[in-house]
Amino acid sequence: MLALDFIRKNPELVRRAAELKGEGAPVDEVLRLDGVWRGHLHKAETLKAEQNELSKEFARTRDESLKERLRQMADTAKSELSVADAVKRELDDLLLRVPNVFHESVPVGETEADNVVVREWGTRPELAFAARTHYDLGEALGIMDFERAARVTGSRFAFLLGEGARLERALVQFMLDVHTREHGYTEVWPPMLVNSASMVGTANLPKFADAAFKVEDSDLWLIPTAEVPVTNFHRDEILEVDRLPLKYVAYAPSWRTEAGAAGKDTRGFIRLHQFSKVELVKVTTGETSLDEFEKLTRDAEDILQRLGLHYQVMAMCTGDMGFAQYKKYDLMAWAPGLDRFLEVSSCSTFNDFQAMRANIRYRPGRGAPPKFAHTINGSGLALPRTIDAIIETYQRSDGMISVPEALKPYMGGVELIGAR
RNA sequence: GGACGGGUGGCCGAGUCCGGUUGAUGGCGCCAGUCUUGAAAACUGGUACAGGUGCAAGCCUGUCCUGGGUUCAAAUCCCAGCCCGUCCGCCA
């Protein structure tokens, strides 16, 4: 969230940022409640101070004549405070609904058409035959099954079978190895259910409750991304500055309701209620966060390059970047069969927006007061669409799929999917 | 799930039965200083977080797991919840 003090001092900036993001921001209501809250709080605290003073005198003198006055003071202070608390709760709830501002380098725009290609790697593969889609190939090879998944669970679920399941496992292993051994991330295996406070910490609540699955009769949610448990790992902590940046990589399934995506990407292994993802998370200082964000994006890109997949890096425009993000890149991998780019990674930096919600701080120096950390995360990468790009890029005219060089050590000797 | 025990500052650990100003004795750690060529040891001092208010120094309020309650006053008493431990039950 944004600091109350920041909104007090920069109401216009906050209003304009929200507008460009296509979000509402209850700035006026925040400012109004802020005034009301402070009025009652001040009154309550002044009274409490007097009461404390007099109470000390009573402890000394045991003068019974003070009793009645003390009782009244206590009553008034308590009721003032309860009004102040009620207003503050309302104010806090509102604060959680004010969107983040964005970095000056973010392109201004309304829709994904206004996103900007920052760079591109590789070229579209030239196939000597008509490219087939991953679901066409996957079903023909017997490595993907959507029909049975629909029967067993419902739409937007999938079974992977045989070499398809093996490919998924190989990719997870490969990505984790690269990020831990070569990019210096610490591997994390997180809980896959989190409580509401954690969801608030990463800004999945309160605004996006309908995007996540809630466990009935409990305060637990299925994680929409490993970002939630991993970022919240340091909730309510004060970190030592020399430990920063903290770099984590976590493999976890992610669950999303996909509310509002009805009819979109219904076909294939693209938009699922459950999907695997290797997630990168960094916690760092305000001075280094933009730089660490760029590096994290490069770390995700490195996976695509090693897999030999053609991709673009898109800078998200204000209207397409989201409520909490300060700056965001999407990595789009080319899928020849679908004849379009697929979003295989989304890398974001949040400034202290998440850290304020999750209360993650660091101490800049000895004896210095704590500051809010900056959080960064990105997929490195999301599995299904990476698999799609691999299948469609490495398909052969006979419908079999060559295993990319980088994955061969992870495929247990399988170099050609569909050969047996 | 049942029974019992427990949650106190960066850490350890008093205080809780018998409420009184206690943000909380003590030790460790950390920081500064003295001493020393330097370091260690020893000694001295310092060492939480949040909010309100103020130009500032400062002042005030709150915080002993969380939320309620009793009281002029709660770390301390009462209620509920969460978490941890031990035993029993169940279980991959």
Side-chain angles (χ1 to χ4, degrees), chain A residues 1-9 30-96 98 189-201 205-206 214-221 229 232-244 246 253 283 285 352-373:
Chain A
M1 58 191 218
L2 297 176
L4 184 51
D5 191 50
F6 180 82
I7 300 176
R8 278 178 200 144
K9 288 173 179 155
V30 164
L31 295 177
R32 188 185 70 80
L33 289 175
D34 178 42
V36 175
W37 167 60
R38 285 197 283 181
H40 287 286
L41 183 67
H42 191 67
K43 210 183 230 174
E45 289 190 346
T46 308
L47 249 123
K48 191 69 186 166
E50 288 171 24
Q51 187 203 335
N52 285 346
E53 224 19 75
L54 199 63
S55 186
K56 273 181 210 170
E57 194 185 322
F58 177 80
R60 259 198 326 272
T61 64
R62 299 282 160 179
D63 179 354
E64 287 295 320
S65 69
L66 296 175
K67 263 277 181 77
E68 185 51 31
R69 226 173 108 208
L70 274 165
R71 212 170 277 143
Q72 277 174 20
M73 290 173 92
D75 274 359
T76 318
K78 194 178 273 186
S79 69
E80 273 304 319
L81 192 64
S82 84
V83 174
D85 282 349
V87 175
K88 186 58 161 52
R89 267 194 298 277
E90 205 180 326
L91 177 57
D92 285 342
D93 182 66
L94 229 48
L95 280 174
L96 292 176
V98 177
W189 184 79
M192 289 163 209
L193 293 165
V194 294
N195 57 32
S196 294
S198 293
M199 290 287 276
V200 170
L205 286 180
K214 173 101 192 275
V215 177
E216 209 174 1
D217 297 326
S218 87
D219 184 43
L220 298 177
W221 302 74
N232 279 282
F233 183 68
H234 290 294
R235 200 170 77 214
D236 294 323
E237 290 184 15
I238 299 175
L239 305 161
E240 292 307 319
V241 70
D242 45 335
R243 286 182 61 200
L244 304 179
L246 295 166
V283 180
T285 64
D352 55 7
F353 191 81
Q354 288 185 324
M356 285 192 66
R357 293 169 160 251
N359 192 28
I360 302 168
R361 294 173 292 174
Y362 68 97
R363 205 175 289 284
R366 300 201 182 286
K371 290 172 83 167
F372 285 105

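Just so we're on the same page: letters track the sequence lines, and every chain starts at 1.
- Pair assignment for B:C72 gives B:G20, based on Watson-Crick or G-U wobble hydrogen-bonding distances that are each under 3.5 Å.
- Nucleotide B:G9 has no partner under the Watson-Crick or G-U criteria, as no pair reaches both atom distances under 3.5 Å.
- Here B:G62 presents its C1' atom at 19 Å from NE2 of A:H40, a figure rounded to the nearest Å.
- A donor and an acceptor atom never sit less than 3.5 Å apart when one is taken from the side chain of A:T46 and the other from the base of B:U61.
- You'll find the side chain of A:L220 stays beyond 4.5 Å of the side chain of A:V194, heavy atoms only.
- Comparing B:G27 with B:G9, their C1' atoms are spaced 14 Å from each other, to the whole Å.
- Straight-line distance between the P atoms of B:G2 and B:U76: roughly 26 Å, to the nearest whole Å.
- B:G45 sits 26 Å from B:A57 when the P atoms are compared, rounded to a whole Å.
- Contact annotation for A:P370: backbone-only contact, meaning every heavy-atom pair under 4.0 Å involves sugar-phosphate atoms and none involves a base.
- Judged by closest nucleotide on RNA chain B, A:A59 is the one of A:I238 and A:A59 placed further toward the 5' end.
- As rounded to the nearest Å, B:A41 and B:G54 have C1' atoms that lie 46 Å from one another.
- In plain terms, the two heavy atoms of A:P370 and A:P364 that are nearest each other are CA-CD, 4.3 Å.
- At a threshold of 4.0 angstrom between heavy atoms, the contacts of A:R8 are confined to the sugar-phosphate backbone, with no base atom among them.
- Counting to the nearest Å, the C1' atom of B:A73 and the CG atom of A:L54 are 11 Å from each other.
- With respect to A:R89 and A:D93, no salt bridge is recorded, no charged nitrogen being found less than 4.0 Å from a carboxylate O.
- In this structure, the CD atom of A:E45 is 11 Å from the C1' atom of B:C59, given to the nearest Å.
- Within residues 63-78 of chain A, the residues that have a heavy atom under 4.0 Å from RNA chain B are, in order of number, A:K67, A:L70, A:R71, A:A74, A:K78.
- When the P atom is used for both B:G23 and B:C59, the distance is 15 Å, rounded to whole Å.
- Contact record, A:A355 with A:A373: CB-O, 3.0 Å, taken as the closest heavy-atom pair.
- If you take atom P in B:U71 and the same atom in B:G19, they sit 16 Å apart, rounded to whole Å.
- Straight-line distance from the CG atom of A:D236 to the P atom of B:U63: 18 Å, rounded to whole Å.
- Pairing for B:A42 is with B:U34, a Watson-Crick or G-U wobble pair whose two hydrogen-bonding atom distances lie under 3.5 Å.
- Expressed to the nearest 0.5 Å, how far CG of A:D34 lies from CG of A:L4 amounts to 4.5 Å.
- Taking the C1' atoms as reference points, B:U22 lies 32 Å from B:U34, given to the whole Å.
- The shortest distance between side-chain heavy atoms of A:E57 and A:L54 falls below 4.5 Å.
- Under 3.5 Å, the side chains of A:N359 and A:D236 contain a donor-acceptor pair of N or O atoms.
- When rounded to the nearest whole Å, the span between CZ of A:F6 and C1' of B:G51 equals 20 Å.
- Straight-line distance from the CG atom of A:D92 to the C1' atom of B:G51: 11 Å, rounded to whole Å.
- We find that CZ of A:F58 is positioned 14 Å from P of B:U71, with the value rounded to whole Å.
- Across all strands shown, B:G62 is found opposite B:C49 as a Watson-Crick or G-U wobble partner, with both distances under 3.5 Å.
- When the P atom of B:G52 is taken as reference, atom NZ of A:K88 falls 8 Å away, rounded to whole Å.
- Taking a pair to require two hydrogen-bonding distances under 3.5 Å in either a Watson-Crick or a G-U wobble arrangement, B:C87 pairs with B:G2.
- Of the nucleotides present, none pairs with B:A14 by Watson-Crick or G-U wobble criteria with both distances under 3.5 Å.
- OP1 or OP2 of B:U21 has not a single side-chain nitrogen or oxygen of A:N52 nearer than 4.0 Å.
- In this structure, A:E68 CD and A:L70 CG are separated by 9.5 Å, a value rounded to the nearest 0.5 Å.
- Here B:G54 sits opposite no nucleotide as a Watson-Crick or G-U wobble pair (both hydrogen-bonding atom distances under 3.5 Å).
- Distances shown here put a side-chain N or O of A:R361 below 4.0 Å from the OP1 or OP2 atom of B:A50.
- Judged by distance alone, the side chains of A:D85 and A:S82 never bring a donor and an acceptor atom under 3.5 Å apart.
- A gap of 11 Å separates the C1' atoms of B:C79 and B:U70, to the nearest Å.
- Looking only at distances, a side-chain donor or acceptor of A:R357 sits under 3.5 Å from a matching main-chain atom of A:L96.
- For A:R363, whose side chain is taken as the heavy atoms from C-beta onward, the closest listed nucleotide among B:A48, B:U21, B:G52 is B:A48.
- Nucleic acid contact class of A:R62 (heavy atoms, under 4.0 Å, all strands): base.
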